[in-house]
Each structure stands twice: as structure tokens, then as C-alpha cells.
Protein chains: 2
Amino acid sequence: MHSTPGPLPPLNAVRAFEAAARLGSFTRAAQELSMTQAAISYQIKQLEQRLGVMLFQRLPRKIVLTRDGERLAPAILDAFSGLRTAFAQALSRAHNELAITSLPTIASNWLVPRLGGFHLAHAEVAVRLDTSITLADLQQGEFDVAIRSGRGDWPGHTAHFLLPSLITPLMSPRLRDAAGGLKSPADLLKLARIGRPRWWQQWFEENGVDVAETALRASLDLGIEQYEITAAIAGQGVAISSPLFFRAELESGQLVQPFAHVARDSKDYWLVYATTRAKSHAITAFRTWLLREARAEVPAD
Amino acid sequence: MHSTPGPLPPLNAVRAFEAAARLGSFTRAAQELSMTQAAISYQIKQLEQRLGVMLFQRLPRKIVLTRDGERLAPAILDAFSGLRTAFAQALSRAHNELAITSLPTIASNWLVPRLGGFHLAHAEVAVRLDTSITLADLQQGEFDVAIRSGRGDWPGHTAHFLLPSLITPLMSPRLRDAAGGLKSPADLLKLARIGRPRWWQQWFEENGVDVAETALRASLDLGIEQYEITAAIAGQGVAISSPLFFRAELESGQLVQPFAHVARDSKDYWLVYATTRAKSHAITAFRTWLLREARAEVPAD
DNA sequence: CCGACGTATAAAATCAGCTTATGCATTCGA
DNA sequence: TCGAATGCATAAGCTGATTTTATACGTCGG
């Protein structure tokens, strides 16, 4: 009694009908859709044959909707208008949201203090920041950009160099004074060391200090540099970390850098995003702003 | 500042998204659209690349809409739902309307008295009847079916034989009596003749009466048979028309058929409709009903 | 009466979209 | 714990729908 809804007619034909009905002309519809008039004519005919109903009355120099066409047009126009605004809105929102995933250290010690400036410059962009050590998949769409450490070679992604990963011992001035004169890097071996053994090894090696691995293993590795620096400030040992990230503590005198030598880890910090999304407004705005901030940070680089 | 709406993404990709979002599965979407899962996957990827946004999060054995997908889906589902009902309704209405264009004679004297029966049998079909001598173009969609006289050969159209075009003199009994004994067809030459000269000529010839063309030209040609019959009933002359169409007048005695011979014009009456629309419910219902009525009319044919 | 305009149509070219075949990761069942 | 089943991704290749090109037709306007 009641036939099933059945599949929709070919959608390209429907689009041609929509444009022709709205513009009242095959020629103009063709222009709008960047096609030829012949293509519109063909598509409309296809649709009419499929529906078994004439949609336009072909008059000498114009077309007029038939009774059936007139009946169909409003709903089709509505639907297409809905589609257009849906895509426009969704994209505009998508392009004005920025989900950042960042390593905790650079996030709390470098990014967060500056993010306010980005918001001032781009109030239209809503920012969401996620800090975690796990490597989020930028292709999955959960995050728009990441701040990662590495070598900048992530296939399918675009990476911009941000900051070098600098490492140098940092300690509380009280500990330094208590340790007496720290004349050479080797003197640090007497103190408790906090932070990644690999970094300590690299720094010592670059200073000509040969260290037994066992000695390095004895260091306190808390995993999160923020904690390590907190421990260092408390005088519990010497941390090894980036002077860039703890400039505030250095300037306020909570921390001191006992030796001038700064080593550089091979893994720098990069801004990364999926190459397919490079055109997103939020991403381009953030990239421009962030790279300028980074360049201001290490102008000598 | 505000980018133009821009063209819609490829609609086939949008359709794939709609189905996948609604069904929550590429595989099921493929089933619904009678395609393969690979095709859905391809289309969704196309759409995502076009939009520069991931729409689904691919999890091991399922997919989940991303934030952006979730944002897009409701409006897309709405729009497609609108399209579906629009087509369904328009088609249902189109298939339940019947616009008939008919020659006036057969319309008023044969079709109209029977149309009530069609309406009883098919109350769902709304009927509109247009009577005119002009030959409406069935391809233009203004009319669904036509009742035409001719030979049944209209390219692009399907034609069903309805009734023969019969012609025989008809007159009022009073005129017949006044004319005295009408023994042979030639006696009619003495009376005023009403109707198409060509028909008179044919009928006379088939009865072996040789008539000068001039005599035939003198007949009264009113163009519309209804008028001619009215004139005949008033006793103003002898009309030549179809006994089928004026059976009521013959039975009531208003008209008489003075001679048994009935000529047959080469142009019969046909039910005609555009072949492309043969599947329309209204048309098929009307065809079935009308052919049965016509067969009941001339069972001997 | 001629040129411009808007549509229809035929033939030929193209390319988007589909299928087939396969791989991979996970879940489920035993 | 293992194998089968499930669901999505990907590559390669084909096909036919769609588009363009070229042309014709009918009307309107000057």
C-alpha cells in the first residue's frame, strides 16, 4: 500500500535542480556550479526521468517550474540551505577551536605564561590545553596541534622548530654555598643529582668529566622536571634541566646555574600538526604567534 | 573577514557521511547504500580531506564521531531527512493527481458521465479535466493523459485504442417526419446538413451517392459537435456524428438515426500519455479503468 | 531580418567513484 | 591461548556516469 522511501535520486542531479530552481535558469545554474549549460540540462533530464515527472517547462527563452517542480523546489532549497550553513558553521567552529596537547614541562613553564597573549591577539579562537606525556595521535582529530620533543620528522605532519632542549645543572644557592667552592664540574659528583641520567652523562662528558655509569644511576629521577626543580629549590640536590624553562626561578634567585656550560639534547621542541589541517585558521594563527614567541626567546639561534 | 559560503563538498561523500553517522558503522552504511565498505571508507576520507577535519575516530572495531563530526551530523541528518520526505511527498502527490486533456465532444458526451465511477474506484486520485481542441504537449508536464483522435502513432507516447470514430447522420424525429419518406441516403441531400463536409462526403460515398463538392460545402459546420447536435435536435438540419456519443438523445427519442449505415473515420479515439510516465499510479489506474469502460462500450470490436 | 539569448542534443573525453582483493588490529568463542 | 570473525584501511584497476565540445533550434529584441 505504502511504498518504501527508497533511495534518493542521484544527488548531483538534485544539486543541479536546486540551483536551476533557485536561479530560474540552466545557464546561470551552470555558472554557479562551474559547469556547462549542457551538463545542467543533462542532469535535470536525468532527474526528471528518474522521478517520472517533468520539473521544468521549457519555454522559448526561459524555463518555468511545472506544478510538480514548484511542489518540490521549496523543500529542496531548504535542505540545501541547511547543508550549506551546517558545513559553514561546523567548519567555522572547527577552525576557531584549538586543542593543544603538550609535554608538561614546556607547557607549564613556557607555554602557559604566554598563552594569555595569544588569547588577546585571537579572541575568536577557543583554546583547550591538554598536558600529558603520552603521544596523542594528531590524525585522529582529538587534538589540533602538539608540542613535542623530537627531531621534527613525523610523517604526515608538519613540524616547526620551537626551542632547543638545553640542559645544565641548576641548584639552590643555599646548597651551592653549603657545598663550598664549586670550582669544576667534577665537584658536582659529590652532591646528590636529580634528573635523567642520560642528561647528566652528556653534560659531564661535554665537560671532560668521565663518570662511571653506576654513579649516574644513583641520581634521583622524578620523571617530571617540575618536580625535580621543586626538589632542587628545596636544596635536596642538583637538578639538570633547561634554563629557559626556569628563568623566573633563576632571576628571583631561587635557583642558580653553577656552571656556564649548557649542553643541548638532540631532541628539540617542535610545534606539530597534521599536514592535512594546515589551513585551519586556529592552527595558522597559533603557529604564527607561537613561532614569534619562540624566536623572541632565543634570538641568537 | 567572512569567507564566502563556497561550494558544498561532494554530495556523494556527504551522503556516505550521513549514513555512516546515522548507522554508526561504515559497513552498515555500505549495506544501506548498496555499496561496499571500501567505498564508504573512501568517501568519508574524501570528505575529511576536503573539510580538513576528521569526522570519525577510527577505533579498533568501531567508529566514533569526533567532536567536529558530532557537530556536523545533526544538521546533515536533518537536511537529508528533509530531502527524503520532499521527494516522497512530491512523488506521492504527483502520482495521485491526474490532469486530463480531452477533446470536447468525447469529454462531455462520453467521459464525464463515467468519471464519477473512476473517482469511486480511486478516491486517492485527484482528477482535473481540461477540454480543448488544441493539442497539449504531454511531455511538458502540464497534463498527464490526453484523449486524442488520430492513428495512435505519437512518438514518445504510449497510446491505447479507446473508441472508433463512428459517423452517421442524426436528426430530430420531427424533421424526419416533415421531410416525408426518407427512403434512400440521397434523400438527405434535400435537407440542410450540419457538420464536417469531409464526413458527409465519406458517408455519402460509402452509400453510393455521388455528390458535388459544392453541395457539401453548403453544410453548416459549427466545429463543436455538441452545438451541431443541439441544432439538429432543434430541427435545423441533419447532423453527422457518432451514435456512441449521443446514445442518451437517441434513446430518449430526441434524435433518430435515419439510416443504419455507420461510417468509420480513420482517426479513432486514443488514450495517450508520455511513455516516460507510464509507471505513475494515477495514470495506470486511469488507463485500466478507462480501457475497461471503452471495451464495455464496443464489445463487438 | 538579423543577431543575441537560452535550451536541447549528439558524440567524444574524463575522471570520480566503485569493486576486488588484501592487510591489520581487535574481539569473541572455545 | 589460539583461531575465527569482525570492522576498517589501502592499493590497483575498471567502468560508466558526468562533463565538455560542438551544433542546432526557436524566440525575442532592435
Side-chain angles (χ1 to χ4, degrees), chain A residues 7-51 54-66 69 137-142 155-156 274 276, chain B residues 7-51 54-66 69 135 137-142 155-156 274-276:
Chain A
L8 285 172
L11 290 180
N12 291 333
V14 179
R15 162 166 54 191
F17 171 73
E18 193 268 348
R22 177 161 39 82
L23 300 173
S25 153
F26 287 5
T27 303
R28 262 171 288 161
Q31 288 169 351
E32 174 173 299
L33 298 179
S34 309
M35 315 195 310
T36 59
Q37 170 268 326
I40 300 291
S41 179
Y42 169 86
Q43 290 287 11
I44 301 284
K45 177 184 257 195
Q46 290 295 109
L47 185 56
E48 289 175 327
Q49 288 185 348
R50 167 66 168 271
L51 299 179
M54 291 301 278
L55 296 171
F56 289 100
Q57 215 174 136
R58 273 72 164 183
L59 300 182
R61 287 186 48 174
K62 61 178 180 179
I63 53 172
V64 183
L65 282 166
T66 61
D137 186 348
L138 291 175
Q139 309 272 26
Q140 287 295 320
E142 193 178 358
T276 55
Chain B
L8 284 172
L11 290 179
N12 291 333
V14 179
R15 163 166 52 191
F17 171 73
E18 193 266 350
R22 177 161 39 80
L23 300 172
S25 151
F26 287 5
T27 304
R28 261 172 288 161
Q31 288 170 351
E32 175 173 299
L33 298 179
S34 307
M35 314 193 311
T36 59
Q37 169 268 324
I40 301 291
S41 178
Y42 168 85
Q43 292 286 13
I44 301 283
K45 177 184 256 193
Q46 291 294 106
L47 185 57
E48 288 174 327
Q49 289 184 349
R50 168 66 169 272
L51 300 180
M54 292 299 281
L55 296 171
F56 289 100
Q57 215 175 135
R58 273 70 164 186
L59 300 182
R61 287 187 47 175
K62 63 177 179 181
I63 53 172
V64 183
L65 282 167
T66 62
L135 205 63
D137 186 347
L138 291 174
Q139 309 274 25
Q140 288 293 322
E142 195 179 357
T275 303
T276 56

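Chain A is the first sequence line, chain B the second, and so forth, proteins listed ahead of strands; every chain is numbered from 1. Computation of the quantities below employed the complete heavy-atom set of this structure, encompassing side-chain atoms and omitting hydrogens, waters and symmetry-equivalent molecules. Everything numeric in this text was worked out from a predicted model, so none of it was measured.
- Between A:Ser25 and C:dT7, a side-chain N or O to OP1/OP2 separation shorter than 4.0 Å is present.
- The CG atom of A:Asn12 sits 4.5 Å away from atom CZ of A:Arg15, with the distance rounded to the nearest 0.5 Å.
- The one candidate from B:Phe56, B:Tyr42, B:Phe17 that meets the ring-ring contact (aromatic ring centres under 6.0 Å, His included) condition with B:Phe26 is B:Phe56.
- Between the P atom of D:dC8 and the CD atom of B:Gln57 lies a distance of 14 Å, rounded to the nearest Å.
- The side chain of A:Lys45 contributes no N or O atom lying less than 4.0 Å from OP1 or OP2 of C:dT7.
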Nucleotide N/O of nucleotides 12-15 of chain C paired with protein N/O under 3.5 Å:
none

Do nucleotides 17-30 of chain C as a string where each nucleotide becomes B, S or -: B if the base has a protein heavy atom under 4.0 Å, S if just the sugar-phosphate does, - if no protein is that close. BSBB-----BB---

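- Remark: C1' of D:dT27 and CD1 of A:Ile63 are 16 Å apart, rounded to the nearest angstrom.
- At the phosphate of D:dG7, neither OP1 nor OP2 sits under 4.0 Å from any side-chain N or O atom of B:Arg58.
- A straight line from CZ of B:Phe26 to P of D:dT10 spans 11 Å, rounded to a whole angstrom.
- Looking at A:Gln57, its side chain never comes within 3.5 Å of a backbone N or O of A:Val64 through a donor-acceptor pair.
- Residue B:Leu59 is out of contact with every strand shown, counting any heavy-atom pair closer than 4.0 Å.
- Between B:Ser41 and D:dA9, a side-chain N or O to OP1/OP2 separation shorter than 4.0 Å is present.
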